[in-house]
Amino acid sequence: MKSPSPAYRGRFAPSPTGRLHFGSLVAAVGSWLLARAARGCWIVRVEDLDPAREVAGADAAILSTLAAFGMVSDEPVIHQSRRTATYAGALARLEARDAVYPCWCSRSDLEPFGGIHPATCLAARDASREPAWRVRVPARTIAFDDAIQGRVAQELAREVGDFVLRRADGWFAYQLAVVVDDAAQAITDVVRGADLVDSTPRQIFLQELLDLPRMRYAHLPLALDAAGRKLSKHERAIAVDADDPLPALRAALAFLGQRPTSERTVAATLAAALDAFDPACIPAGPHAPTPFAALRKELS
Ligand code: GLU
């Protein structure tokens, strides 16, 4: 095997909210293929910063399912829940620069503003409870060139507003943690589902504020059901089967626009997919995956 190139460090960052589903399998396979094609590293990070949505044991289940699909992190898997001191350090740096402020506004306070914080708090300071911490966003457009989606631009002040970095319940927000960790792990390339493309300008903004390097981005097409809904909305129906990985693996490769292969093992399927991998064939737009059952029949 050729030694990994430090010029490419990719990652797959699942939240342990349930079993690995088809949408996350696509993100895993897409990020793995792009990393391997660049002879880079592929790292798994568990994003467990939302206990209310998490399922006990889901992290281990996701890691073993990934292994059944032939994908194993090149470096030890980190858990975000164990890194709060690092996120607190980043927030303190922003506080020292007066880039963040405490906010006691509730969701219903923000309702008349379409959920977008108007930059001046509506709720008064309340010493009896913890505030959330928001970052001030600039009145400018943040744009980047996505390898799959093309040019993406967002006006943070108008479209997002001052956003939360630390929630009132004390947990750090995804936006801060992901930026701190991508930099700490020296990630160069973020490959993930297009449902996160709207988060990227916020992350680029935070990278700038924290003097961290900008990543390259590739947002993969989103898997929809036949009715056009996001697949992850009904995870149970589309959890992938670690005991029978080939049909879902082939479906994920087909979903990513890659030529179907008829290899009989996971390792051989991944090797063939990597051999024939053409990133230019990855479609940009959301679409429905080929049903696993049909695919199984077609290739058996
Ligand atoms: N943890 C996020 C999720 O599972 C992904 C974050 C990312 O790839 O940046 O949706």
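Order of listing sets the numbers, starting from 1, for every ligand and every atom in it.
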Next on the checklist: Looking at E47 and R192, is any side-chain nitrogen of the basic one under 4.0 Å from a carboxylate oxygen of the acidic one?
Outcome noted: no
Next on the checklist: Tell me whether D74 is salt-bridged to R36, with the criterion being a basic N under 4.0 Å from an acidic carboxylate O.
Outcome noted: yes
Checklist entry - With a 4.5 Å limit on heavy-atom distance, are the side chains of R83 and V180 in contact? => result yes
Checklist outcome for this item: Closest heavy-atom pair, D48 versus Q80, reported as atoms and distance to 0.1 Å, is OD1-N, 3.0 Å
List, for ligand 1, each N/O atom that has a protein N/O partner under 3.5 Å away, with both atom names and the distance.
residue, atom, partner, partner atom, Å
ligand 1, 1 (N), A13, O, 2.7
ligand 1, 1 (N), S15, OG, 2.9
ligand 1, 1 (N), E47, OE1, 2.7
ligand 1, 4 (O), S15, N, 3.3
ligand 1, 4 (O), S15, OG, 3.2
ligand 1, 8 (O), R11, NH1, 2.8
ligand 1, 9 (O), R11, NH2, 2.8
ligand 1, 9 (O), Y174, OH, 2.8
ligand 1, 9 (O), R192, NH1, 2.7

Checklist entry - Are any of the side-chain heavy atoms of F277 and L34 separated by less than 4.5 Å? => result yes
Checklist entry - Is the closest side-chain heavy-atom distance between C281 and Q258 below 4.5 Å? => result yes
